Amino acid sequence: MHLVWGPTTNHKQIPGGGKMQELYFDYYLKGKGQPFGKVEAKPGKKHVTITVRMPKGIAADSWMLYCAAPWADWQHRTWTAVPAQKSGKKYVAEIPAGSDHWFAYVRDSRGVALASLMHGPELLLPVK
């Protein structure tokens, strides 16, 4: 599950969060509706390739890469949005210089916010 509230919210609910909860509980507890999509981010030397898999009838509406530099603890980091550009069936975003942590962020046509795994030096999938 790659559900996310949003960058720099420190666990506060984003607008549309209630609808996301409703969709989640309907699908995973009641067996109604569609599942959430999946977002994968593959690092390159200076860019990230974002792949999104959505259920039938659901479309991805926006693609971003959120990046942060290592100068503050997690609660005080400033996350910068970098728009991803379409490249075939995938999306590509450049990693800004000085950023050491990043994740892909995608919103779908229902308003559901999804994210890839977090990437960074001390994490399982380091930035290359």
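Just so we're clear, the structure is a prediction, and the values are computed from it rather than from any experiment. Values reported hereafter were calculated over all heavy atoms of this structure, with side chains retained and with hydrogens, waters and symmetry mates removed.
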Student: How close do Val52 and Met54 get, counting heavy atoms only, and between which atoms?
Tutor: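 Smallest heavy-atom distance, with atoms named: CG1-CE, 3.5 Å.
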Student: Taking all non-hydrogen atoms of both residues, which atom of Val82 and which atom of Cys67 are closest, and how far apart?
Tutor: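 Looks like CG2-SG, 4.3 Å.
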Student: Listing request: all ring-ring contact (aromatic ring centres under 6.0 Å, His included) pairs with a residue in residues 37-59, at least two apart in sequence or in separate chains.
Tutor: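 Qualifying pairs, neighbours excluded: none.
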Student: Just by distance, do the side chain of Ser116 and the backbone of Glu40 share a donor-acceptor pair under 3.5 Å?
Tutor: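 No, the answer is negative, given that no donor and acceptor are paired below the 3.5 Å cut-off.
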Student: Measure the acute angle between the ring planes of Tyr24 and Tyr28, then classify it against the limits of 30° and 60° as parallel, tilted or perpendicular.
Tutor: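 Plane angle between 30° and 60°, so tilted.
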Student: Establish whether Leu23 and Tyr27 are linked, either directly or via other cluster members, by ILVMFWY side-chain heavy-atom contacts under 4.5 Å.
Tutor: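 Same hydrophobic cluster.
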Student: Given Ile50, which partner from the list Tyr91, Phe103, Tyr105 fulfils the side chain to side chain contact (heavy atoms under 4.5 Å, CB included) test?
Tutor: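 Result: among Tyr91, Phe103, Tyr105, Tyr91 is the only option passing the side chain to side chain contact (heavy atoms under 4.5 Å, CB included) with Ile50.
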Student: Going by the rule side-chain hydrogen bond (donor to acceptor under 3.5 Å, both in side chains), which residues pair with Gln85 if we only count those two or more places apart in sequence or in a different chain?
Tutor: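 If we apply the side-chain hydrogen bond (donor to acceptor under 3.5 Å, both in side chains) test to Gln85, skipping adjacent residues, there are no hits.
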Student: Give the minimum heavy-atom separation between Arg77 and Ala68, together with the two atoms involved.
Tutor: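 Closest approach of Arg77 to Ala68, heavy atoms only: CD-CB, 4.0 Å.
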Student: Are Trp102 and Val92 joined in one hydrophobic group, where the rule is that I, L, V, M, F, W and Y side chains link up if heavy atoms are under 4.5 Å apart?
Tutor: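 Unlinked, Trp102 and Val92 end up in two clusters.
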Student: For a 4.5 angstrom cut-off between non-hydrogen side-chain atoms, does Ile95 reach Leu65?
Tutor: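 In short, these two side chains touch, coming nearer than 4.5 Å.
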Student: Which pairs count as salt bridge (charged side-chain N to carboxylate O under 4.0 Å, His left out) when at least one residue sits in residues 82-99, sequence neighbours excluded?
Tutor: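 Every candidate salt bridge (charged side-chain N to carboxylate O under 4.0 Å, His left out) pair involving residues 82-99 fails, so no pair, neighbours aside, qualifies.
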Student: Restricting to side chain to side chain contact (heavy atoms under 4.5 Å, CB included), what partner residues turn up for Ala81, sequence neighbours left out?
Tutor: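 Ala81 satisfies side chain to side chain contact (heavy atoms under 4.5 Å, CB included) with Met64, Tyr66 only.
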Student: Please list all pairs meeting salt bridge (charged side-chain N to carboxylate O under 4.0 Å, His left out) that have one or both residues in residues 54-68, counting only residues at least two apart or in different chains.
Tutor: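 Non-adjacent pairs meeting salt bridge (charged side-chain N to carboxylate O under 4.0 Å, His left out): zero.
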Student: When the side chains of residues 108-115 are checked against the rest of the protein, which donor-acceptor pairs come out under 3.5 Å, sequence neighbours left out?
Tutor:
from, atom 1, to, atom 2, distance (Å)
Asp108, OD1, Arg110, N, 2.7
Asp108, OD1, Gly111, N, 3.2
Asp108, OD1, Val112, N, 3.1
Asp108, OD2, Arg110, NE, 3.2
Asp108, OD2, Arg110, NH2, 2.9
Ser109, OG, Ala59, N, 3.3
Arg110, NH1, Gln34, O, 3.3
Arg110, NH2, Pro35, O, 3.2

Student: I want to check something: taking the side chain as every heavy atom from C-beta on, are Ser62 and Val106 in contact at a cut-off of under 4.5 Å?
Tutor: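 When only atoms from C-beta onward are counted, Val106 and Ser62 do not touch, as no gap falls below 4.5 Å.
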